[in-house]
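Okay, structure first, notes after.
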Amino acid sequence: MNHIYATDQHRSLKRIRLYHQQPVSRVVLVYFGLLLVPVGFNLGSVYMTGTKALLAVLIIPLSLRLFCGHFGRVLLTDIMFFMHFLWVSLALAVNNPVEATQNAGSIGVEFLGGYLIGRAFIRDRHSFAAVVKILTGLIILCFPLALIESQSGTSVLIELWKMTGLTTPVDLAIDRRMGLERVQLSFEHPIHWGLFCTIATSLYFIGLAGRHSLGLRSVVMTVICASCFLSLSSGALLAAIVQIGLIFWSFLCRRIGRRWLILSTCFVIFYVVIDLLSNRTPIQVFMSYATFSAESAYWRSAIFQWGMTNVWSAPVFGLGLNDWLRPVWMHTSSIDNFWLFIAMRFGLPALTFLTVGYGYALWRVGRKDFTMDRTLAALRLGWILCFTGLTLTLSTVHIWGSIYGFVFFIFGAGLWMVDAKPRSPRNETTI
């Protein structure tokens with residue numbers, strides 16, 4: 001009898017542990033669902049989307065709880081990101097006082113709101129792995145819709161949600177590339193669908209190593225990369241290619257202890273050599289090869305050149321929402337460089353706060369010793385490779401709207417690793 005009772009008690013405890021490991025908050029599930037529901041509405045003079053409405057409701061309570069220590073220690077990244085938002089608000093107040101409140105609020109909701117949801121609700125390996133699975137599952141489910149759109153040029157989801165009578169993103173009519181229509185699915189631009197897909201590349205293939213077989217991960221990553229390709233965005237493809245290259249490097253040099261230091265040193269040497277031999281900056285050389293055409297390369301080079309001219313003309317508070325100085329033949333005000341956009345619009349302090357917080361988080365997570373915990377090491381490597389690829393990509397594209405918040409949601413979702421405690425191999429569990 002005692003043996004039976006002990007066995008039943010063990011099973012009950014096991015069920016309790018599994019219950020507590022049910023990984024994802026309903027808030028996160030709702031957030032993912034709203035990403036693919038491209039409907040919006042006007043709240044007074046403010047345009048709202050489903051994701052923006054959710055983030056607007058949560059941003060203040062989550063901010064208070066963050067600084068009360070409910071989500072672990074307050075990190076330098078938390079402070080820097082809030083300082084970034086405050087400086088953006090100040091820059092808008094200086095440059096565009098009439099429109100400052102509305103635009104600062106929109107930026108704060110998308111940037112800080114996405115970051116805070118990730119920071120608050122993804123607090124361990126179970127919830128993080130579950131987010132990777134949900135992201136990957138959504139890409140697989142949407143792949144047939146992406147194939148249809150690549151042939152027809154019509155977004156099934158946007159057309160479906162138009163029937164509700166609510167506002168939806170414009171179904172863009174962009175020139176075909178390689179005989180295919182560019183897929184935007186439910187996002188504001190094809191680039192954003194491509195980025196949504198590319199985020200999953202190393203998060204899934206590396207992060208879930210040991211849980212899913214190599215064969216399954218290879219098939220799934222093929223679907224992820226194919227979905228990314230259908231956006232026909234060089235920026236999104238660049239992020240995927242960089243991640244795949246880093247995955248191969250990690251595999252080929254897996255027995256070398258300082259493989260990432262070696263790679264970083266090679267990158268610095270390569271940068272210096274290009275700087276010495278080329279009449280263009282290494283960044284301009286990089287952007288010229290990160291495009292589909294010579295025309296796009298020239299355009300991005302011109303944006304960078306004239307963008308820096310604007311940065312140095314207003315280095316403290318930037319230009320705000322005002323138009324930027326450029327030649328008359330540059331007929332569009334689009335700035336295809338997220339980092340440059342921040343510096344131009346809101347000044348170098350805003351860029352500094354953002355990049356310091358961003359870099360500090362990657363450094364703190366990267367220096368943790370997870371040698372004895374293969375599960376944790378895989379999740380950490382997948383997250384860092386993901387943002388290594390995105391860091392380069394964001395120098396060739398601009399992000400806004402729902403994908404802006406989502407990028408920083410995934411960023412915030414990895415910060416639990418700063419305080420993560422490694423487990424011995426015998427105590428690891430399969431998720």
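Scope of the values below: all heavy atoms of this structure, side chains included, with no hydrogens, waters or symmetry mates.
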Original post:
Looking at the rings of Y31 and F121, which for Trp means the six-membered one, are their centres under 6.0 Å apart?
Top reply: no
**OP:** Please name the residue in the list K368, R380, K421, R125 that meets the salt bridge (Lys or Arg N to Asp or Glu O under 4.0 Å) test with D373.
**Re:** R125
Subject >> Ring centers of H212, Y204 separated by less than 6.0 Å >> reply: yes
Original post:
Which distance, rounded to the nearest 0.5 Å, do you find between the CG of L180 and the OG of S231?
Top reply: 11.0 Å
Subject >> Full working for side chain to side chain contact (heavy atoms under 4.5 Å, CB included) between W306 and I303 >> reply: CA-CA 5 Å; W306 283 94; I303 288 174; over 6 Å; no
Original post:
Once you round to the nearest 0.5 Å, how far does CH2 of W339 lie from OG of S395?
Top reply: 9.0 Å
Original post:
Between Y404 and Y115, is the gap from one ring center to the other below 6.0 Å?
Top reply: no
Subject >> Between CG on residue L141 and CD1 on residue I134, distance to nearest 0.5 Å >> reply: 11.5 Å
**OP:** Show your reasoning for whether side chain to side chain contact (heavy atoms under 4.5 Å, CB included) applies to L208 and T136.
**Re:** CA-CA 11 Å; L208 298 190; T136 306; 5.7 Å; no
Original post:
Given side chains that start at C-beta, do those of L381 and S250 come closer than 4.5 Å, heavy atoms only?
Top reply: yes
Original post:
So, for F71 and W416, is the gap between ring centers shorter than 6.0 Å?
Top reply: no
**OP:** List for me each residue that meets side-chain hydrogen bond (donor to acceptor under 3.5 Å, both in side chains) alongside T371, sequence neighbours excluded, and say none if there are none.
**Re:** D369
Subject >> Reported CG-to-CG distance for the pair L321 and L92, which is rounded to 0.5 angstrom >> reply: 5.5 Å
**OP:** Would you confirm whether the ring centroid of F85 sits within less than 6.0 angstrom of the ring centroid of F111?
**Re:** no
Original post:
Once you round to the nearest 0.5 Å, how far does CD of E149 lie from CG of L230?
Top reply: 9.0 Å
Subject >> Step-by-step side chain to side chain contact (heavy atoms under 4.5 Å, CB included) determination, L390 to Q243 >> reply: CA-CA 9 Å; L390 281 177; Q243 290 178 70; 5.6 Å; no
Original post:
Have S127 and D124 got a donor and an acceptor in their side chains that come within less than 3.5 Å?
Top reply: yes
Subject >> Distance, nearest 0.5 Å, that separates CG of L325 from CG of L319 >> reply: 9.0 Å
**OP:** Quick one: do Y358 and T391 satisfy side chain to side chain donor-acceptor pair (under 3.5 Å)? Show the steps, please.
**Re:** CA-CA 10 Å; Y358 188 93; T391 301; 2.8 Å; yes
**OP:** Could you go through the side chain to side chain contact (heavy atoms under 4.5 Å, CB included) check for W193 and R182 one step at a time?
**Re:** CA-CA 10 Å; W193 165 247; R182 298 184 65 185; over 6 Å; no
